[in-house]
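Because the structure is a prediction, the values reported are computed rather than measured. Whatever order the structure lists ligands and atoms in, that order sets their numbers, starting from 1.
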Amino acid sequence: MSEVYLNTHNATIQLSAANKSHYPQDDLPEIALAGRSNVGKSSFINTLLGRKNLARTSSKPGKTQLLNFYNIDDKLRFVDVPGYGYAKVSKAERAKWGRMIEEYLVTRDNLRAVVSLVDLRHLPTTEDVQMYEFLKYYEIPVIIVATKADKIPRGKWNKHESEIKKKLDFDKNDTFIVFSSETKQGYDQAWDSILEQL
Ligand SMILES: Nc1nc2c(ncn2[C@@H]2O[C@H](COP(=O)(O)OP(=O)(O)OP(=O)(O)O)[C@@H](O)[C@H]2O)c(=O)[nH]1
Ligand SMILES: [Mg+2]
C-alpha cells in the first residue's frame with residue numbers, strides 16, 4: 001500500500017453508523033480510532049488529513065456518538081469511534097456504546113488496525129488498559145498514539161512513554177508514537193505505521 005499514491009486531501013465523511021447493517025459494504029481497508037473521550041481522536045484524523053474540521057472536534061467530551069466512516073481517496077477509511085470514559089453518560093447509554101464498539105471491532109472484516117489514543121501527560125486509565133487488552137485478546141493490530149505531546153516539555157516525553165508502556169503491559173512488537181495535533185509531531189510515523197497495516 002505504501003507504494004500506492006494516496007491523495008490524503010481527497011477525504012470525505014462517507015457515513016455514520018450505529019450498527020453493522022449501516023456499515024459501508026465494500027472491501028476498503030479500515031483503520032479505527034479508539035480512546036477516551038476528549039483524548040484527541042477527531043483531531044488526529046484532521047491532522048493526518050491536513051484538514052481543520054473534517055472530523056468534528058469539541059472541547060465538550062462525548063461529541064462523537066456514532067461510528068463515523070471517513071473515505072480517503074477511495075483507498076482506505078478512518079473510522080472515528082465514540083470515546084469511552086465520559087462521566088456524564090448514563091449506564092444504559094454506556095452499555096449501548098460498548099455494544100456498538102464491540103460489534104465493530106470484533107466482526108468487521110475490513111478492519112486492519114486500531115489506533116488507540118492515550119494522553120502522553122497521564123497514566124492510562126483503567127479503560128485505556130481494558131481497550132488495549134481487548135485488542136490484544138482479539139489479535140487486532142494496534143498502534144498506540146500518545147497525544148497532546150505539545151502540552152509537556154520534550155525532556156519528559158521518554159519518562160512518560162516508559163510509564164505508559166509499563167501500565168499497559170505494552171507488547172514490544174506494537175508501535176508507540178508520541179504525537180501532537182498542535183505541532184504535527186509524529187505525523188510521518190503515524191502515516192508510515194498506518195500504511196504498513198493495509
Ligand atoms: N494541545 C493539544 N490539544 C489537543 C490535541 N489533540 C486534541 N486536542 C484538543 O482536545 C480537545 C478534544 O479533541 P477531540 O479531537 O475532539 O477529541 P475526541 O477524542 O475526538 O473526543 P470525543 O469525540 O468526545 O470522543 C479539543 O479541544 C482539541 O483541540 C493535541 O495534540 N494538543
Ligand atoms: Mg471525536
Side-chain angles (χ1 to χ4, degrees), residues 8 11-18 30-72 77-90 93-105 113-132 134-135 142-158 160-161 164 175-191 193-194:
T8 54
T12 53
I13 171 120
Q14 185 170 350
L15 57 83
S16 300
E30 290 173 354
I31 301 289
L33 289 301
R36 202 161 45 74
S37 189
N38 218 37
V39 73
K41 298 175 294 300
S42 301
S43 302
F44 177 86
I45 292 177
N46 289 329
T47 300
L48 261 59
L49 299 179
R51 297 281 282 268
K52 271 232 145 56
N53 224 0
L54 179 69
R56 276 184 299 166
T57 61
S58 168
S59 50
K60 222 176 75 188
K63 176 111 186 164
T64 315
Q65 305 221 347
L66 296 165
L67 298 165
N68 289 319
F69 292 77
Y70 296 92
N71 181 311
I72 302 150
R77 272 189 295 263
F78 282 156
V79 183
D80 198 3
V81 169
Y84 46 77
Y86 179 45
K88 287 181 190 156
V89 166
S90 72
E93 261 183 298
R94 197 175 301 230
K96 202 172 87 184
W97 284 17
R99 282 195 300 275
M100 178 170 76
I101 293 163
E102 193 167 330
E103 176 180 51
Y104 174 80
L105 293 177
V114 172
V115 172
S116 187
L117 284 97
V118 297
D119 192 322
L120 183 64
R121 295 171 296 174
H122 309 298
L123 280 180
T125 64
T126 305
E127 282 163 310
D128 290 333
V129 175
Q130 283 171 349
M131 174 56 75
Y132 186 67
F134 179 93
L135 296 169
V142 49
I143 299 163
I144 296 285
V145 166
T147 193
K148 306 200 182 182
D150 59 283
K151 292 202 173 192
I152 53 170
R154 196 175 271 263
K156 289 188 175 170
W157 288 0
N158 276 339
H160 284 236
E161 175 173 339
I164 290 169
T175 302
F176 188 104
I177 302 171
V178 173
F179 190 84
S180 166
S181 288
E182 286 289 316
T183 65
K184 296 192 168 58
Q185 164 72 36
Y187 173 96
D188 288 336
Q189 209 191 342
W191 264 123
S193 316
I194 287 168

* Asked: Is a side-chain donor-acceptor pair under 3.5 Å present for Ser42 with Asp80?
  -> yes

* **the Mg ion (ligand 2) contact by Ser37, N, O or S atom under 2.8 Å** => no

* Going by distance only, is there an N or O of Gly40 that falls short of 3.5 Å from an N or O of ligand 1? -> yes

* Are any non-hydrogen side-chain atoms of Phe78 and Val115 less than 4.5 angstrom apart? -> no

* Asked: Heavy-atom distance to atom 29 (O) of ligand 1: which of Ser43, Ser37, Gly35 wins?
  -> Ser43

* Asked: Are any side-chain N or O atoms of Asn71 and backbone N or O atoms of Thr12, one a donor and one an acceptor, separated by less than 3.5 Å?
  -> no

* Below 4.5 Å, heavy atoms only, C-beta onward: do Leu67 and Met100 meet side chain to side chain? -> yes

* Structure fact -> One finds that the ligand 1 atoms under 4.0 Å from a non-hydrogen atom of Ser180 are 31 (O)

* Check ligand 1 against Glu182 and write out every atom of the ligand that is under 4.0 Å from a heavy-atom position of the residue. => 1 (N), 2 (C), 31 (O), 32 (N)

* **Atom indices of ligand 1 within 4.0 angstrom of Lys41 heavy atoms, with elements** => 15 (O), 17 (O), 18 (P), 19 (O), 20 (O), 21 (O), 22 (P), 25 (O)

* To do: Mark up the atoms of ligand 1 that fall under 4.0 Å of a heavy atom belonging to Thr147, in ascending order.
  => 31 (O)

* Is the shortest N/O to N/O distance between Asp150 and ligand 1 below 3.5 Å? -> yes

* Are any of the N or O atoms of Lys151 closer than 3.5 Å to those of ligand 1? -> no

* **Residues forming a salt bridge (Lys or Arg N to Asp or Glu O under 4.0 Å) with Arg51, sequence neighbours excluded** => none

* Asked: Which of parallel (below 30°), tilted (30 to 60°) and perpendicular (above 60°) describes Phe179 and Phe44?
  -> tilted

* Structure fact -> Contacts of Thr125 meeting side-chain contact (heavy atoms from CB on, under 4.5 Å) (sequence neighbours excluded), chain-then-number -> Arg36, Glu127, Asp128

* Structure fact -> Quick note on ligand 1: atoms under 4.0 Å from a heavy atom of Gly83 include exactly 25 (O)

